[in-house]
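Lettering of chains follows the sequences in order, A, B, ..., and the numbering in each one begins at 1.
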Protein chains: 2
Amino acid sequence: MSEPDTKAKILKTAEELFAIDGFHHTSLRKITTKAGVNLAAVNYHFGSKESLLGAIFDRHLGPLNEIRIKRMEAVAALAEKSGERPGVEEVLRCFTEPTLALLHSDASTGYFRMLVGRSLSDPDPTVRQLFLQRVRDVLELLVDLLCQALPHRSRESVAWKLQFSLGAMSQTLTFQNHGPILGSLAKDKSIDDVIEMLTEFIVKGMEG
Amino acid sequence: MSEPDTKAKILKTAEELFAIDGFHHTSLRKITTKAGVNLAAVNYHFGSKESLLGAIFDRHLGPLNEIRIKRMEAVAALAEKSGERPGVEEVLRCFTEPTLALLHSDASTGYFRMLVGRSLSDPDPTVRQLFLQRVRDVLELLVDLLCQALPHRSRESVAWKLQFSLGAMSQTLTFQNHGPILGSLAKDKSIDDVIEMLTEFIVKGMEG
DNA sequence: GCGTATTTCAAACACTCGTTTAAATTATTT
DNA sequence: AAATAATTTAAACGAGTGTTTGAAATACGC
C-alpha cells in the first residue's frame with residue numbers, strides 16, 4: 001500500500017463530513033478530496049456511498065451494542081434471581097451510559113455521536129433504515145426490560161415513550177452540530193452533563 | 001387566471017411532498033408535475049424553492065403562534081395577579097394544545113404536522129433556520145414562563161430540557177411518516193392520544 | 001526479476017437539479 | 001377594440017451528483 005490505508009482515511013473523513021453536513025449534503029468528491037484519495041476509491045473499496053455509511057455504522061455500533069446487550073442481560077438476570085423488578089433508571093442507563101464510555105474512549109468518536117443523532121431523524125428513509133437495522137435488536141430488548149420495570153404500563157405505551165426518548169436523544173447527540181435550538185442558551189455544558197440531564201429527563205418521563 | 005390559482009395548488013402540493021419525502025428529496029419537477037402546473041411557475045410565484053418552503057411555514061405558523069402567545073400571556077397575567085407561580089403543565093400545554101386544535105381545524109394540516117416534525121431536526125441548516133426563525137420568539141417566551149414555573153432551576157437547565165422536549169415532539173409529529181422506530185409496536189393510536197402521552201412525558205421530564 | 005494481482009488514477013457517462021430565458025398566451029385596463 | 005400587464009409555456013443552461021471504465025502504477029508471491 002502506498003499511504004497509511006486509503007480505506008481507513010475514507011472511513012475517518014466520511015464519518016466527520018457525514019456528521020457535520022449530513023449524508024446527502026456530502027458528496028463523494030468532498031470526501032475524497034479532503035481525504036487526499038482518488039474519487040473512484042470509495043466505489044472500489046466500499047461499493048457505493050450507502051455501503052460506506054453502513055461501514056461507518058458497523059465500526060462503532062458493533063462494540064457499542066455488545067456492551068449494551070451484556071449490561072441489559074445482567075440486569076435481567078439479577079432481576080430474575082432476586083425476584084424483584086428491575087428499576088427504570090437502571091434499565092435506561094444500560095442504554096445511555098455505554099454511549100458516554102464510547103465518547104471517552106476515543107476523541108474522534110465525537111463525530112460519530114453527531115452522526116447517530118442525525119441518523120435517528122434523517123428525512124431520508126434509506127439513511128434511517130441503514131441505522132435502525134443495526135440497533136433494532138437492542139431496542140426490542142430495551143422495550144422488554146422496560147415492560148418488566150413498568151408492569152402496569154402497556155407495551156405500546158412503553159414503546160411510544162421510548163420513541164419520545166430517542167427523539168430527545170437525537171437532539172442531544174447533535175449538540176454542537178445543529179447547535180441548541182435556543183441560541184444563546186444552554187451552551188456551556190459538557191456533553192457529559194447534557195447526557196446526564198437527558199437521562200434524568202427520560203427516566204422521569206418513563207416513570208411518570 | 002386560468003385554473004383555480006396556480007399559486008395555491010403549488011403550496012398545497014409542495015406541503016404534502018415536503019412532508020412525506022423531505023425538502024431536499026422533493027424536486028420542483030415532482031411538485032409541478034403533481035400539481036399540474038408548469039415547472040417555471042414556482043420561481044415565478046415564489047422566487048425560489050426556499051421561499052416556497054418559507055411561504056408554507058408562514059401560512060400555518062402565523063396563526064398558530066398567535067394563539068400560543070395569547071395563551072401564554074394569559075397564563076403569565078393570571079400568575080402575576082394571583083401572586084402564585086404558573087404550573088409546568090399549564091405552561092407546556094399553551095404550546096402543545098394549539099397544535100391539536102390546528103390539526104382538527106383542517107384535515108390537510110396533517111401534512112404540515114409532519115413537515116414541522118421534519119424541520120425540527122433536518123440535517124440541512126437552511127431548512128432548520130427557515131423554520132426556527134419563525135418560532136424563536138414563542139420558544140423564548142416559553143422558556144421565560146417555564147423558568148417562572150421552576151424557580152429553583154437554572155435557565156440553561158430549563159432550555160436544555162425544552163430542547164429534549166422538542167426532540168421528542170419531532171419524533172411524534174413525524175408519526176406515520178417516519179413510522180415508529182419500533183416496527184410493529186405503537187401503531188394503533190390516534191395522533192390525539194400520542195400527543196397526550198407526549199405532553200405527560202415532557203411535563204414529568206421538566207418537573208423531575 | 002518476472003508475472004500476477006491489487007490498487008490508483010484521470011476521464012467520461014448518464015442523470016438530476018434549481019433557475020433563467022424569451023416567446024406565446026391569457027387577463028385587465030383604457 | 002386596442003394596448004398594456006400578468007401569467008404560462010417549452011426549452012435550454014450550467015453546475016453537481018454517484019458510478020463506471022480502462023489504462024497506469026504499485027505491491028506481492030515465486
Side-chain angles (χ1 to χ4, degrees), chain A residues 1-57 115 118-119 122-131, chain B residues 1-57 115 118-119 122-131:
Chain A
M1 301 156 198
S2 53
E3 299 291 310
D5 216 347
T6 301
K7 205 169 168 179
K9 283 199 287 185
I10 294 175
L11 273 174
K12 185 173 181 292
T13 310
E15 183 171 313
E16 178 178 340
L17 291 179
F18 285 164
I20 292 175
D21 299 327
F23 180 71
H24 280 96
H25 286 76
T26 305
S27 67
L28 294 183
R29 282 165 181 82
K30 267 189 229 152
I31 297 171
T32 51
T33 301
K34 175 153 190 185
V37 303
N38 187 270
L39 169 61
V42 171
N43 287 281
Y44 177 77
H45 285 286
F46 296 94
S48 71
K49 192 187 177 188
E50 273 187 25
S51 304
L52 169 59
L53 180 59
I56 293 172
F57 284 146
L115 179 58
R118 301 218 111 133
S119 307
D122 197 285
D124 179 27
T126 310
V127 175
R128 272 200 326 283
Q129 291 299 94
L130 226 50
F131 172 72
Chain B
M1 302 157 197
S2 53
E3 300 289 309
D5 216 347
T6 301
K7 206 170 168 178
K9 283 198 288 186
I10 294 174
L11 273 173
K12 185 173 181 292
T13 309
E15 183 172 311
E16 178 178 339
L17 292 178
F18 286 165
I20 292 175
D21 299 326
F23 180 71
H24 280 95
H25 285 76
T26 304
S27 67
L28 294 183
R29 284 167 178 82
K30 267 190 230 154
I31 297 172
T32 51
T33 301
K34 176 155 189 183
V37 303
N38 187 271
L39 169 61
V42 171
N43 287 281
Y44 177 78
H45 285 286
F46 296 94
S48 69
K49 193 187 177 188
E50 273 187 26
S51 304
L52 169 58
L53 180 59
I56 293 172
F57 283 146
L115 179 58
R118 302 216 109 132
S119 307
D122 198 284
D124 179 28
T126 311
V127 174
R128 272 199 326 281
Q129 291 299 95
L130 226 49
F131 172 73

A.B. asks: Measure the NZ-OG1 distance between B:Lys9 and B:Thr6 for me, rounded to the nearest 0.5 Å.
C.D. replies: 5.5 Å
A.B. asks: Which whole-number value in Å describes the distance from B:Lys7 NZ to D:dA6 C1'?
C.D. replies: 13 Å
A.B. asks: Let me check the geometry of the helix from C:dT8-D:dA23 to C:dT30-D:dA1. What is the bend angle between the axes at its two ends, five pairs each, to 10°?
C.D. replies: 10°
A.B. asks: For residues 30-47 of chain A, pull every pair meeting salt bridge (Lys or Arg N to Asp or Glu O under 4.0 Å), keeping only residues two or more places apart or in separate chains.
C.D. replies: A:Glu16-A:Lys34
A.B. asks: Protein within reach of the bases, or only the backbone? For nucleotides 10-21 of chain D, mark each nucleotide 5' to 3' as B, S or -, using heavy atoms under 4.0 Å.
C.D. replies: B-B----BBBBB
A.B. asks: How long is the line joining NE2 of B:His45 and P of C:dT19, in whole Å?
C.D. replies: 15 Å
A.B. asks: Please report the C-alpha distance between A:Thr32 and A:Asn38 in whole Å, then the side-chain angles of each, then the deciding distance to 0.1 Å, and finally whether the side-chain contact (heavy atoms from CB on, under 4.5 Å) criterion is met.
C.D. replies: CA-CA 6 Å; A:Thr32 51; A:Asn38 187 270; over 6 Å; no
A.B. asks: Under 3.5 Å, side chain of B:Ser119 to main-chain N/O of B:Arg128, donor-acceptor pair present?
C.D. replies: no
A.B. asks: What residues form a ring pair (Phe, Tyr, Trp, His ring centres under 6.0 Å) with A:His24, not counting sequence neighbours?
C.D. replies: B:His25
A.B. asks: Could you check whether A:Lys49 makes a cation-pi contact with A:Phe23, meaning its NZ or CZ is under 6.0 Å from the centre of the six-membered ring and within 45° of the ring axis?
C.D. replies: yes
A.B. asks: According to side chain to side chain donor-acceptor pair (under 3.5 Å), who are the partners of B:Thr33, at least two apart in sequence or on a separate chain?
C.D. replies: none
A.B. asks: Can you sort out the partners of B:Phe46 under ring pair (Phe, Tyr, Trp, His ring centres under 6.0 Å), two or more places apart, ordered by chain and number?
C.D. replies: none
